[in-house]
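Report on the structure given below.
If you read the sequence from its start, that first residue is 1, and numbering goes on from there.
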Amino acid sequence: MERSVQDNLIRGHVDVVQLDAVTATRLPARHRPAIPADVLTVEDVKTKSTYLWDRVLRYGATAAELRQVQLYAGALFEVGFEDVPGQRYLSRLGPLNIGRIRFRFINRDSGAEHVQEIDFDPQRAAEAQWWVERVRETGDPEEMPRDFNGPGLDAICDYCPFRSLCWPGTAPGVPEQTALIRDDADREQALIDYVKGHELASEGDRVKKFARKKLDQSPEGIYGPNKLSWRGGNDEEKDDVEAMVDLHEVAGIPVPMTPDVNRMVKNLKDAGLAIPRRKTGKKTPAVINIAPA
């Protein structure tokens, strides 16, 4: 159940707070957890798409997600629960001895779960609070660094309700990122970034191709932090033109004088007939898959 927290800096809602046995004894019996946690734990639940799932498994919570939960845990550590109806019995506990922060990631497509736990550090919470204070002191939002690269490059920006406020002033069809170029110094830096990116991509591509060649005969398995698997290697197929001509004649469909594969495929589909396929004698290329172990 969500619980409200507030201090002199932020106000928000925590997804889950698991009380430890010592803290639970300070509550009325009817509000005590049936199974207390070993240490008082603040948990945040995040849903992710399959597209982002591999990133979650590899890297865990993002800097922004860590900062958010550190702020909530910090508020509980310094103040406790907000004094509002429905949780006044919790607010009477006062500041809490937070021991752990937990992220529970849920794949919204498959239902898979991944849990990440870290020890609560008051210093980290203070750093998150410092970050919020600096943001609030900033007169112009453009003075702050951006968390994402903008529409067309980050899905979060594509569907953000503040997109037009964050990326204003560009004409239809013009990339919103052009708003970041204000003078020749910005253009100079953008060109430097482009060249650097090109060099990194070229070097990265060279490293990947070399590693791919070395791994070509390696069996599937777990090797250190990565799991190796293979897909592909199946019999390659293509449309059988001669068989399609025969099907056209049997079905009474005019055969194009010049064999046109696309037209013949369309004709057979329109007639409700299966498209004949034949083996080419070749194999589809093997595609390497590398995932967290």
Side-chain angles (χ1 to χ4, degrees), residues 1-50 52-136 147 156 161 292-293:
M1 181 182 295
E2 283 192 350
R3 294 299 181 184
S4 177
V5 296
Q6 181 178 9
D7 59 13
N8 58 358
L9 191 64
I10 61 103
R11 182 182 185 186
H13 293 85
V14 181
D15 289 333
V16 179
V17 178
Q18 290 185 307
L19 300 180
D20 62 302
V22 174
T23 306
T25 58
R26 299 165 53 198
L27 291 175
R30 67 181 182 279
H31 293 306
R32 294 173 188 169
I35 302 177
D38 55 336
V39 296
L40 203 153
T41 302
V42 177
E43 179 174 321
D44 194 47
V45 179
K46 300 289 186 187
T47 60
K48 299 287 184 177
S49 66
T50 298
L52 295 173
W53 196 245
D54 184 65
R55 182 181 181 86
V56 168
L57 298 180
R58 286 180 178 273
Y59 307 114
T62 65
E65 290 167 342
L66 286 167
R67 191 162 50 239
Q68 176 193 10
V69 182
Q70 291 284 7
L71 285 168
Y72 292 159
L76 289 169
F77 180 75
E78 294 183 356
V79 179
F81 290 98
E82 185 181 9
D83 187 7
V84 294
Q87 61 175 50
R88 289 208 162 93
Y89 65 95
L90 291 171
S91 69
R92 297 189 187 100
L93 293 173
L96 301 175
N97 184 25
I98 309 297
R100 180 168 53 213
I101 288 174
R102 177 188 298 128
F103 288 91
R104 187 177 302 276
F105 297 99
I106 300 175
N107 187 314
R108 68 171 67 102
D109 300 310
S110 67
E113 291 191 13
H114 175 68
V115 174
Q116 176 188 1
E117 294 184 342
I118 57 176
D119 293 335
F120 173 69
D121 183 354
Q123 178 61 35
R124 295 293 185 187
E127 292 172 0
Q129 292 171 347
W130 179 89
W131 184 89
V132 173
E133 290 169 352
R134 300 293 78 75
V135 171
R136 295 180 65 176
D147 293 326
I156 290 179

* Asked: Quick one: are Val132 and Arg136 in side-chain contact, heavy atoms under 4.5 Å?
  -> yes
Please table the atom pairs, donor to acceptor, closer than 3.5 Å between any side-chain atom in residues 73-82 and protein atoms at least two apart or in another chain.
{"unit_1": "Glu82", "atom_1": "OE1", "unit_2": "Ser4", "atom_2": "OG", "d": "2.2"}
{"unit_1": "Glu82", "atom_1": "OE1", "unit_2": "Arg11", "atom_2": "NE", "d": "3.2"}
{"unit_1": "Glu82", "atom_1": "OE2", "unit_2": "Arg11", "atom_2": "NE", "d": "3.3"}
{"unit_1": "Glu82", "atom_1": "OE2", "unit_2": "Arg11", "atom_2": "NH2", "d": "3.3"}

* To do: First locate atom CG of Asp20, then atom CG of Leu40, and finally report the distance between them rounded to the nearest 0.5 Å.
  => 5.0 Å
* Asked: Listed by chain and number, what are the side-chain contact (heavy atoms from CB on, under 4.5 Å) partners of Thr25, not counting sequence neighbours?
  -> none
Acceptor/donor pairs from residues 60-67 side chains to any protein atom, 3.5 angstrom cut, sequence neighbours excluded:
{"unit_1": "Thr62", "atom_1": "OG1", "unit_2": "Glu65", "atom_2": "N", "d": "3.2"}
{"unit_1": "Thr62", "atom_1": "OG1", "unit_2": "Glu65", "atom_2": "OE1", "d": "3.4"}
{"unit_1": "Glu65", "atom_1": "OE1", "unit_2": "Thr62", "atom_2": "N", "d": "2.9"}
{"unit_1": "Glu65", "atom_1": "OE2", "unit_2": "Lys48", "atom_2": "NZ", "d": "2.6"}

* To do: Using modelled atom types only, decide if a donor and an acceptor are shared between the side chain of Arg3 and the backbone of Gln87 within a distance under 3.5 Å.
  => no
* Give, for atom OG1 of Thr23 and atom CZ of Arg32, the distance between the pair rounded to the nearest 0.5 Å. => 12.0 Å
* **For Val135, side-chain contact (heavy atoms from CB on, under 4.5 Å) partners two or more places apart** => Trp131, Met144
* To do: Start with the C-alpha distance between Asp15 and Glu43, add both sets of side-chain angles, then the distance that settles side chain to side chain contact (heavy atoms under 4.5 Å, CB included), and finish with yes or no.
  => CA-CA 6 Å; Asp15 289 333; Glu43 179 174 321; 5.8 Å; no
* Asked: So do the side chains of Thr41 and Glu117 get within less than 4.5 Å of each other, counting heavy atoms only?
  -> no
* N/O donor-acceptor pair under 3.5 Å between Thr47 side chain and Val45 backbone -> no
* Are Asp38 and Arg100 ion-paired here, with the side-chain N under 4.0 Å from a carboxylate O? -> yes
* Asked: CG of Leu52 to CG of Leu57: how many Å apart, nearest 0.5 Å?
  -> 11.0 Å
* Side-chain contact, heavy-atom cut-off 4.5 Å: Val115 with Phe105? -> no
* To do: Answer yes or no: is there a side-chain heavy-atom contact under 4.5 Å between Val5 and His13?
  => no
* Under a 4.5 Å cut-off applied to non-hydrogen side-chain atoms, are Ile101 and Ile118 in contact? -> yes
* To do: Output all residues satisfying side-chain contact (heavy atoms from CB on, under 4.5 Å) with Arg124, sequence neighbours left out; order by chain, then residue number.
  => Gln70, Asp121, Glu127
* Enclosure of Arg134 CZ (heavy-atom neighbours >12, cutoff 6.0 Å) -> yes
* Short side-chain to backbone donor-acceptor contact, Asp109 and Thr50, under 3.5 Å -> yes
* Those residues that, when tested against His31, pass ring pair (Phe, Tyr, Trp, His ring centres under 6.0 Å) (two or more places apart) -> Tyr89
* Give the C-alpha distance, both sets of side-chain angles, the deciding distance and a yes or no for side chain to side chain donor-acceptor pair (under 3.5 Å) between Gln116 and Lys46. => CA-CA 11 Å; Gln116 176 188 1; Lys46 300 289 186 187; over 6 Å; no
* Any idea which heavy atoms bring Ala34 and Pro36 closest together, and the distance? -> O-CD, 3.8 Å
* Yes or no on side chain to side chain donor-acceptor pair (under 3.5 Å) for Gln18 and Arg102, after CA distance, side-chain angles and deciding distance? -> CA-CA 10 Å; Gln18 290 185 307; Arg102 177 188 298 128; 2.6 Å; yes
* Asked: Between Gln68 and Asp44, is any pair of side-chain heavy atoms under 4.5 Å apart?
  -> yes
* Heavy-atom pair with the smallest gap, counting every atom of Asn107 and Ser110 -> OD1-N, 3.1 Å
* Interatomic spacing from CZ in Arg58 to CH2 in Trp53 - rounded to 0.5 Å -> 14.5 Å
